[in-house]
Amino acid sequence: MTATRVLVLNSGSSSVKYQLLDMRDSSRLAVGLVERIGEETSRLKHTPLTGGGAEPREREEPIADHEQALRAVADELAADGLGLDSPELAAIGHRVVHGGLKFTEPTVIDDAVMKEIERLVPVAPLHNPANITGIRTAQALRPDLPQVAVFDTAFHTTMPESAARYALDVKTADEHRVRRYGFHGTSHAYVSRKTAQLLGRAPEDVNVIVLHLGNGASASAVRGGRCVDTSMGLTPLEGLVMGTRTGDMDPAVIFHLARVGGMSIDEIDILVNKKSGLIGLCGDNDMREIRRRIDAGDEEAALAFDIYIHRLKKYIGAYYAVLGRVDAIAFTAGVGENAAPVREAAVAGLEELGLAVDGALNSVRSDEPRLISPEYARVAVAVVPTDEELEIADQTYALVSGRNA
């Protein structure tokens, strides 16, 4: 029997998202989420997708750590005949947020790889430790199985030095590994490739601006399937206005808040990452609620929306200049896929760049990739639902099955 299943794990600081896929047809066998790990009451929601679509199962109980969480996941999968001991399981694919410059492609995890992921903790203190915990727990559960790391940063390692380097003293930057790495790489890779397919062209023939707009948001300029620029930098803080993050900001604001405001570095860190962006501007980071408030005449929400769109337009224009020729702009992730007013506003006024949105097409809700630009538009505008789990599973299976050989 050929093993064709891949379990995808996305371990956060207090959560584990997971999907089990069969790579013969990329079908999902089960999906789930464990959240509030380490709190008094944790929750596991598991949905089997075999046998005619069974009902989701939920458990609320104390789950102390990631090891206990993954053991609970293994129990739920086993109850559906999909246990981790199945000979059909080919590998476990792990989302790892930061791979630095060393990891440019999916990598089978060994001791040396783990040491390098650990070495990168200082530049990803919120993410890599949780990823490491998930990997170690999965290794303990199935030490015989290939464990593969798929890195958020890998897709962006093709950026030229002119885009990746900050204009910081070179010696200092190199000593502390300060440069632009970019994130959401699995999403940008998947969406740029799917956009080319939507246009009926090969990825290497297409230039795409990808706008991954969720609570975290990033843009990328993709030339012929390779990233040449992206909005996030050393950390996911740089770039677009996000749900709770500032995005681009004069670095001297940090000095000002420390010297004049008397704030500590930790206080500023929390402010710019968790209390700013849309929630800092208007008290909401849910775009649906912001739009509801705008429709009700709320000026604070309207200004937050305008700031969000202004930054988005700046990046569209900048990446148009970087690419020189743009074949398509692709909106993806929670806001990008579902918020028609965001897509309309982001493109409005850019007709001279060949961009336009058809109102009727833009208002359609669908889970399928689709064009929302009129036929006459020089640049295609697309909505392409992202599928990071499928991208991780596909890269993992390609590696362990020898498809990359």
Legend entry - Passing candidate, side chain to side chain contact (heavy atoms under 4.5 Å, CB included) with L21, options D394, L390, I392: L390

Inset, instruction - Quick one: list whatever passes ring-ring contact (aromatic ring centres under 6.0 Å, His included) with Y315, sequence neighbours left out. - result: Y319

Legend entry - Given H212, E388, E337, the one that forms side-chain hydrogen bond (donor to acceptor under 3.5 Å, both in side chains) with T332: E337

Inset, instruction - Would you name the heavy atoms of V178 and Y166 that are closest together and state the gap between them? - result: CG1-CD1, 4.0 Å

Inset, instruction - Look up atom NE2 in H94 and atom CD1 in I109, then write down how far apart they are to the nearest 0.5 Å. - result: 5.0 Å

Legend entry - Main-chain N/O of C227 paired with T158 side-chain donor or acceptor, under 3.5 Å: yes

Legend entry - Under the ring-ring contact (aromatic ring centres under 6.0 Å, His included) test, residues paired with F331 that sit two or more places apart: none

Legend entry - Donor-acceptor under 3.5 Å (S15 side chain, S11 main chain): no

Legend entry - Residues that F183 engages under ring-ring contact (aromatic ring centres under 6.0 Å, His included), provided they are two or more places apart: H98

Legend entry - V381 versus S373, closest heavy-atom pair with distance: N-OG, 3.1 Å

Legend entry - Residue list, side chain to side chain donor-acceptor pair (under 3.5 Å) with R226, at least two apart or on another chain: none

Legend entry - Worked check of salt bridge (Lys or Arg N to Asp or Glu O under 4.0 Å) between R43 and E35: CA-CA 5 Å; R43 184 171 78 111; E35 56 187 346; 2.5 Å; yes

Legend entry - Q139 side, atom CD; R142 side, atom CZ - distance, nearest 0.5 Å: 12.5 Å

Inset, instruction - Determine whether V96 and I135 make a side-chain contact, defined as any pair of heavy atoms from C-beta on separated by less than 4.5 Å. - result: yes

Inset, instruction - Mind checking the CG-OG1 spacing from L29 to T47? Nearest 0.5 Å is all I need. - result: 13.0 Å

Legend entry - Pairwise distance OH(Y308) to CG(L303) - rounded to 0.5 angstrom: 15.0 Å

Legend entry - Donor-acceptor contact below 3.5 Å, side chain N273 vs main chain R245: no

Legend entry - With I279 via side-chain contact (heavy atoms from CB on, under 4.5 Å) - residues at least two apart: T244, N285

Inset, instruction - Ignoring hydrogens and angles, tell me if any N or O in the side chain of R343 forms a donor-acceptor pair with the backbone of N362 under 3.5 Å. - result: yes

Legend entry - Qualifying residues under side-chain contact (heavy atoms from CB on, under 4.5 Å), relative to N338, sequence neighbours excluded: R365

Inset, instruction - Kindly say whether S27 contributes a backbone atom to a donor-acceptor pair with the side chain of D25 at under 3.5 angstrom? - result: yes

Legend entry - Partner of L20 under side chain to side chain contact (heavy atoms under 4.5 Å, CB included), chosen from L49, L89, V6, I92: L89

Inset, instruction - List for me each residue that meets salt bridge (Lys or Arg N to Asp or Glu O under 4.0 Å) alongside R165, sequence neighbours excluded, and say none if there are none. - result: E161, D174

Legend entry - Smallest separation among heavy atoms of L371 and A382, with atom names: CD2-CB, 4.0 Å

Legend entry - Partner of S218 by side-chain hydrogen bond (donor to acceptor under 3.5 Å, both in side chains), out of E238, H188, H156: H188

Inset, instruction - Check side chain to side chain donor-acceptor pair (under 3.5 Å) between Y18 and all other residues, then give those that pass, not counting sequence neighbours. - result: H46

Inset, instruction - Give a yes or no answer on whether the side chain of S231 reaches the backbone of A219 with a donor-acceptor pair at less than 3.5 Å. - result: yes

Legend entry - T235 side chain vs L237 backbone, donor-acceptor pair below 3.5 Å: yes

Inset, instruction - With sequence neighbours excluded, tell me which residues meet ring-ring contact (aromatic ring centres under 6.0 Å, His included) with Y320. - result: none

Legend entry - Backbone N/O of A189 and side chain of S192: donor-acceptor pair under 3.5 Å: yes

Legend entry - Test item: H184 and F155 side chains (from C-beta on) under 4.5 Å apart, heavy atoms: no

Legend entry - Close side-chain approach of M232 to L240, heavy-atom, < 4.5 Å: no

Legend entry - Value rounded to 0.5 Å, distance of CG in D358 from OG in S363: 8.0 Å

Legend entry - Minimal non-hydrogen separation, D152 against V97, with atom names: CB-O, 3.1 Å

Legend entry - Under 3.5 Å: donor-acceptor pair, side chain of S276, backbone of T246: no

Legend entry - Residues forming a side-chain contact (heavy atoms from CB on, under 4.5 Å) with E351, sequence neighbours excluded: none

Inset, instruction - Hey, could you give me the CZ/CG distance between R179 and L234, rounded to the nearest 0.5 Å? - result: 10.5 Å

Legend entry - Pair T157-T104, side-chain donor/acceptor within less than 3.5 Å: no

Legend entry - For R59, salt bridge (Lys or Arg N to Asp or Glu O under 4.0 Å) partners two or more places apart: E61, E76

Legend entry - Backbone of I307 reached by a side-chain donor or acceptor of R311 within 3.5 Å: no

Legend entry - Residues that D22 engages under side chain to side chain donor-acceptor pair (under 3.5 Å), provided they are two or more places apart: T4, R24

Legend entry - Within-4.5 Å side-chain heavy-atom neighbours: M159 and D229: yes

Inset, instruction - Heavy atoms only: give me the nearest A3-A90 pair and the separation to one decimal. - result: O-CB, 3.6 Å

